[in-house]
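For reference, the structure discussed in these notes is given below.
Here is how names work: the chains are called A, B, and so on, in the same order as the sequence lines, proteins then strands, and each is numbered from 1.
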Amino acid sequence: MTPKEHFASRVLAWFDQHGRKHLPWQQNKTPYRVWISEIMLQQTQVMTVIPYYERFMARFPDVFALADAPQDDVLAHWSGLGYYARARNMHKAAQVLVNDWNGEFPASQEGVCELPGIGRSTAAAILSISRGEPLAILDGNVKRVLGRFHAVPTWPGERKTEAAMWQLAESYTPTDRAGDYTQAMMDLGATLCTRSKPSCERCPVQDDCDALASGAPTDFPKSKPKKPAKPVRATQMLVLLDTHQETPQVLLEKRPATGIWGGLWSLPELSLEDDLVQLTEQRLPVQVQSVTSLSSFRHTFSHYHLDIVPYQLDVKATQAVSEEQKYQWFSLEHAYELGLPAPVRTILESAQGQSGTQTLLEL
DNA sequence: AAACCGGGGGC
DNA sequence: GCCCCAGGTTT
């Protein structure tokens with residue numbers, strides 16, 4: 001037996017003895033049923049998925065039922081699983097399958113990969129499990145199992161590493177029982193070769209696992225290199241509310257086209273050490289009448305944390321805003337229809353309710 | 001607080 | 001074509 005056959009046969013023997021074989025999607029393994037299960041399992045653990053899967057299959061028993069359904073109905077059956085873009089992609093894919101493929105999954109992996117929400121690994125899972133095609137998958141479980149078995153010394157998120165792991169995954173995928181092998185690898189990763197506390201003593205390939213031999217199996221796969229800790233910045237954000245109009249108006253500031261929140265309408269800001277009332281009246285055409293503190297919170301960007309200290313200032317506008325229109329008054333209703341940074345939206349909502357706030361001074 | 005995770009999509 | 005992010009949950 002070649003080393004490749006040796007690996008697969010041990011994994012398959014383990015699966016025959018210990019693997020899960022009675023999950024709902026392991027009965028009547030049509031491409032459709034396998035597909036739905038794979039998408040659900042990408043985001044959620046087996047035990048949580050089961051009731052969702054049962055309800056989904058009862059309502060959308062085949063690709064035609066799914067394609068015909070209103071999107072709202074599909075999303076309602078997804079409700080609670082999160083990641084709604086995946087449900088929308090799935091719905092779209094069902095319509096492509098019905099319209100372009102007569103309701104059948106394409107025969108080739110490339111064809112299946114064309115469908116929205118299905119990439120190389122998911123396509124391989126569908127075709128191997130439902131049709132026995134000898135295609136390799138590379139999901140998180142397989143990355144962990146193979147990354148440990150070969151003590152892969154680099155992070156799988158690197159292109160080169162991922163390419164190498166695809167090679168490994170292909171090299172071990174057997175031509176016989178490819179579907180069982182796919183399920184076996186996922187099961188092995190989910191139940192024995194877990195991220196923390198793997199049960200190496202029960203593993204069918206422990207004898208030549210390089211990570212186990214190293215004495216520190218959980219050192220593999222190598223984790224994502226830690227980026228330097230995110231710096232923390234802080235800002236005051238001002239909700240300037242002119243209540244002397246028919247409807248209350250809020251002053252927004254157009255952000256520069258490039259950079260953070262490029263081109264979006266945001267709130268005027270001050271540095272933490274700036275004097276709130278003094279600098280507001282100095283820089284903006286308003287007379288401040290009262291100040292209310294809103295709840296502070298942290299917003300995190302990819303590169304830094306921003307601690308936001310928001311205030312609501314009830315003001316009287318003293319003159320029209322400048323012609324460059326960097327600043328503009330909007331009714332709250334109109335403001336919500338603009339492109340607003342998420343934290344700004346949050347602040348405007350809290351300003352409306354003023355829950356958990358405290359009026360600091362009246363002028 | 002950070003890792004996770006396959007695919008989408010931005011650059 | 002390469003890199004990074006979205007989106008909730010787990011560790």
Side-chain angles (χ1 to χ4, degrees), chain A residues 34-50 52 75 78-94 96 109-129 135-148 152 154-166 169 182 185-186 189-191 193-198 217-232 257-264 297-307 339 341-343 345-346:
Chain A
V34 173
W35 169 43
I36 304 302
S37 74
E38 287 299 323
I39 302 296
M40 289 185 173
L41 290 166
Q42 277 174 17
Q43 64 204 27
T44 310
Q45 295 187 338
V46 166
M47 286 313 147
T48 311
V49 162
I50 289 173
Y52 280 92
L75 293 178
W78 203 264
S79 176
L81 283 173
Y83 300 90
Y84 295 95
R86 293 181 184 176
R88 285 194 295 272
N89 277 337
M90 225 176 53
H91 190 214
K92 260 185 256 163
V96 172
Q109 187 176 21
E110 297 73 41
V112 175
C113 281
E114 299 282 307
L115 298 164
I118 303 181
R120 178 175 175 182
S121 186
T122 304
I126 295 168
L127 293 178
S128 64
I129 294 172
L135 298 168
I137 63 163
L138 188 63
D139 69 354
N141 291 313
V142 176
K143 280 179 185 163
R144 197 164 51 249
V145 172
L146 294 181
R148 284 180 179 159
V152 172
T154 46
W155 178 51
E158 276 172 17
R159 280 251 143 224
K160 268 176 21 191
T161 305
E162 197 186 16
M165 297 194 71
W166 269 114
T182 291
M185 290 294 279
M186 295 191 297
T191 62
C193 197
T194 51
R195 187 140 70 95
S196 48
K197 305 208 178 147
T218 53
D219 284 0
F220 303 90
K222 288 298 179 187
S223 56
K224 177 177 172 150
K226 278 200 198 29
K227 323 166 201 181
K230 292 172 183 170
V232 179
T258 57
I260 297 290
W261 301 334
L264 299 185
F297 61 97
R298 174 167 289 188
H299 181 77
T300 299
F301 294 100
S302 47
H303 293 90
Y304 64 94
H305 300 291
L306 182 63
D307 285 337
R345 197 168 285 275
T346 304

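Between B/dA2 and C/dC5, the distance separating the two P atoms is 15 Å to the nearest Å. Using atom P as the reference point in both C/dC2 and B/dC5, the two lie 23 Å apart (nearest Å). Atom name C1', nucleotides B/dA3 and C/dC4: the rounded distance is 16 Å, in whole Å.
Counting only Watson-Crick or G-U wobble pairs whose defining distances are both under 3.5 Å, the stems of 3 or more consecutive pairs in DNA chain B are B:1-5 with C:7-11, B:7-11 with C:1-5.
Closest-nucleotide positions on DNA chain B for A/Ala123 and A/Arg195 were compared, and the one nearer the 5' end corresponds to A/Arg195. Toward the 5′ end of DNA chain C lies the nearest nucleotide of A/Arg88, the other residue of the pair A/Arg88 and A/Ser196 mapping further downstream. Along DNA chain C, the nucleotide closest to A/Gln45 and the one closest to A/Ala85 are compared, and the more 5′ of them pairs with A/Ala85.
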Take A/Val152 and A/Thr161, measure what side chain to side chain contact (heavy atoms under 4.5 Å, CB included) needs, and give me the verdict at the end. CA-CA 8 Å; A/Val152 172; A/Thr161 305; 3.8 Å; yes
Assess whether side-chain hydrogen bond (donor to acceptor under 3.5 Å, both in side chains) is satisfied between A/Asn89 and A/Arg86, documenting all intermediate values. CA-CA 5 Å; A/Asn89 277 337; A/Arg86 293 181 184 176; over 6 Å; no
Could you walk me through whether A/Thr218 and A/Arg195 pass side chain to side chain contact (heavy atoms under 4.5 Å, CB included), step by step? CA-CA 7 Å; A/Thr218 53; A/Arg195 187 140 70 95; over 6 Å; no
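Put simply, CH2 on A/Trp78 is 13 Å from C1' on C/dG8, counting in whole angstrom units. One atom, CG of A/Asn141, and another, C1' of B/dG6, lie 12 Å apart when rounded to the nearest Å. To the nearest angstrom, P of B/dC5 lies 18 Å from CG of A/Leu81. Regarding A/Ile126, its CD1 atom lies at a distance of 12 Å from the C1' atom of B/dG6, rounded to whole Å. One can place CD of A/Gln43 at 21 Å from P of C/dC5, the figure rounded to the nearest angstrom. Regarding A/Met186, its CE atom lies at a distance of 10 Å from the P atom of B/dG6, rounded to whole Å. One interatomic measurement links the two molecules: CD of A/Gln42 to C1' of C/dT9, which rounds to 15 Å at whole-angstrom precision. Rounded to an integer number of Å, the gap from CE of A/Met40 to C1' of C/dG8 is 16 Å.
Proximity of A/Ser121 to the phosphate of B/dG7: no side-chain N or O atom is located under 4.0 Å from OP1 or OP2.
Under the 3.5 Å distance criterion, the side-chain polar atoms of A/Ser37 are matched with a main-chain donor or acceptor of A/Val34. A donor-acceptor pair under 3.5 Å links the side-chain atoms of A/Ser128 to the main chain of A/Ala125, judged by distance alone.
The nearest pair of heavy atoms linking A/Trp78 to A/Tyr83 is NE1-O, 3.7 Å. Minimum interatomic distance between A/Pro156 and A/Lys143 (heavy atoms only, all atoms of both residues): CB-CD, 4.1 Å. Considering all non-hydrogen atoms of both residues, A/Cys193 and A/Arg144 come closest at O-NE, 2.7 Å. Residues A/Ala190 and A/Asn141 approach most closely at N-OD1, 3.5 Å, considering heavy atoms.
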Distance-only check: which donor-acceptor pairs under 3.5 Å involve side-chain atoms of residues 113-124 of chain A, not counting sequence neighbours?
residue: A/Arg120; atom: NH2; partner: A/Glu170; partner atom: OE2; Å: 2.9
residue: A/Ser121; atom: OG; partner: A/Leu138; partner atom: N; Å: 3.0
residue: A/Thr122; atom: OG1; partner: A/Gln42; partner atom: NE2; Å: 2.8

Review item, nucleotides 8-10 of chain B N/O atoms under 3.5 Å of protein N/O:
residue: B/dG8; atom: OP1; partner: A/Gly117; partner atom: N; Å: 2.1

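Among the heavy atoms of the strands lying under 4.0 Å from A/Arg86 is at least one base atom, whether or not backbone atoms are also near.
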